[in-house]
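Keep in mind that the numbers below use all heavy atoms, side chains included, and drop hydrogens, waters and symmetry copies.
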Amino acid sequence: MKICPVNENSVIIYFADALTPDTPDTPEPSPETADEIARSLSIIQQEMGGCIIDVVPSYRSILVSFDLMTIGHQSFVQKLQHVLDHCRGSLAEEAEPSLIELPVYYGPEVSLDAKVITDHTGLSFEEVINIHASTLYRVYAIGFAPGFAYLGNTDQRIAVPRKKTPRLKVPACSVALAERQTAIYPRESPGGWQIIGRSPVNPIDYQRKNLSLFEVGAKVKFIPISKTAFLDMGGVLSQEEHSLEDQRFQEGV
């Protein structure tokens, strides 16, 4: 673990072995490091909440911003180091992370990249669905857009590359794959991940205290549902999608 200054009121804590600001994160996140970050995040918020402005966890680091009117930079770093050094021994006693079960419709209207995925993996789309829905994922980081959670690790058998040219519009609540990760787009936006399905549950709720359904360290399980269940639960299909034939599943897709 290494604490490095970012600016006058921010520091970044690196957790991965030999990781420095000049050594970028590797593409595949580590579950062990993610667990340590989630537990350390909890300790920082509990022990230093009075002077914290914001904390932003990532795959192998936590960015911490603090109030200079409350504490000076050097004093903050010393206190942070002390808190982490003396509390990490008790982190193993932390409660089990929460489990979020997220319903997903994997039908032809919404699995926009079914053929790309099956062509790349050599699997049938039913096999891809079974593999995707049988894995328990963890929330590694939240970013790109509010509520966009990076979930991993996906099974190597369904690892697919990002698109070379991103879509200009990915429908809200689309579930997607990229490399060894999966995610759900909380709102319509550009995006380069491969779309596998859609959830009737939006991870962003402005009435929710934490805004996002996800928090770093939580576990996520995808639950396949039918089109009827998707619509009954508030899922949205465009008029064009409503009338779409099962052409994406022809020829072995």
Side-chain angles (χ1 to χ4, degrees), residues 1-21 23-68 70-100 102 136-153 180-184 186 203-205 208-221:
M1 185 187 69
K2 184 175 183 180
I3 301 175
C4 300
V6 176
N7 54 37
E8 67 274 8
N9 75 321
S10 297
V11 298
I12 190 164
I13 310 165
Y14 291 99
F15 288 82
D17 293 340
L19 189 64
T20 71
T23 308
D25 288 356
T26 55
E28 189 168 318
S30 159
E32 294 75 22
T33 302
D35 283 342
E36 185 176 8
I37 287 175
R39 295 191 295 264
S40 298
L41 183 64
S42 176
I43 290 295
I44 292 169
Q45 291 170 324
Q46 289 174 23
E47 301 294 327
M48 304 188 66
C51 58
I52 296 292
I53 295 176
D54 195 17
V55 287
V56 183
S58 185
Y59 295 133
R60 291 172 175 81
S61 65
I62 301 175
L63 175 67
V64 186
S65 299
F66 57 93
D67 184 0
L68 276 175
T70 304
I71 188 171
H73 192 284
Q74 184 176 354
S75 296
F76 178 82
V77 172
Q78 290 174 346
K79 183 176 180 180
L80 178 62
Q81 186 75 63
H82 176 81
V83 165
L84 291 174
D85 287 345
H86 287 77
C87 293
R88 292 169 85 191
S90 63
L91 295 181
E93 307 300 323
E94 194 79 10
E96 276 293 306
S98 59
L99 173 63
I100 301 167
L102 199 65
L136 186 63
Y137 303 97
R138 74 179 66 216
V139 179
Y140 282 116
I142 298 175
F144 165 66
F148 187 98
Y150 293 84
L151 312 176
N153 294 348
R180 296 289 306 280
Q181 296 179 94
T182 185
I184 174 172
I204 285 290
D205 183 351
R208 188 184 291 116
K209 179 180 178 181
N210 295 327
L211 182 67
S212 175
L213 176 65
F214 303 113
E215 59 182 18
V216 171
K219 300 296 179 67
V220 179
K221 183 80 165 61

Taking the side chain as every heavy atom from C-beta outward, state whether [X] and [Y] have any pair of such atoms under 4.5 Å apart.
X	Y	result
Val139	Tyr150	no
Val6	Val64	no
Leu102	Lys221	no
Val11	His73	yes
Leu63	Val55	no
Leu84	Ile44	yes
Ser98	Lys219	no
Ile71	Asp67	no

Glu36 backbone acceptor or donor facing Ser40 side chain under 3.5 Å: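 Confirmed, Ser40 side chain pairs with Glu36 backbone.
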
Minimal non-hydrogen separation, [X] against [Y], with atom names:
X	Y	value
Thr70	Cys51	CG2-CB, 3.8 Å
Ala149	Ala183	O-CB, 3.3 Å
Gly147	Ser212	CA-OG, 3.8 Å

Partners meeting ring pair (Phe, Tyr, Trp, His ring centres under 6.0 Å) with Phe214 (sequence neighbours left out):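 Residues passing ring pair (Phe, Tyr, Trp, His ring centres under 6.0 Å) with Phe214: none at all.
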
Side-chain donor-acceptor contact under 3.5 Å, Asn153 with Tyr140: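 The answer is yes; a qualifying pair exists.
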
Residue from Gln45, Arg39, Gln46 passing side-chain hydrogen bond (donor to acceptor under 3.5 Å, both in side chains) with Ser42: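 Per the side-chain hydrogen bond (donor to acceptor under 3.5 Å, both in side chains) rule, the option paired with Ser42 is Gln46, out of Gln45, Arg39, Gln46.
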
Taking atom [atom1] of [X] and atom [atom2] of [Y], what is their separation to the nearest 0.5 Å?
X	Y	atom1	atom2	result
Ile37	Met1	CD1	CE	11.5 Å
Ile13	Ser58	CD1	OG	12.5 Å
Ile3	Ser61	CD1	OG	12.5 Å
Asn9	Leu68	CG	CG	5.0 Å
Phe15	Thr33	CZ	OG1	9.0 Å
Leu213	Ile100	CG	CD1	4.5 Å

Trace of the side chain to side chain contact (heavy atoms under 4.5 Å, CB included) decision for Thr182 with Val220: CA-CA 10 Å; Thr182 185; Val220 179; over 6 Å; no

Check: Phe76 ring centre within less than 6.0 Å of Phe66 ring centre: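 Yes.
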
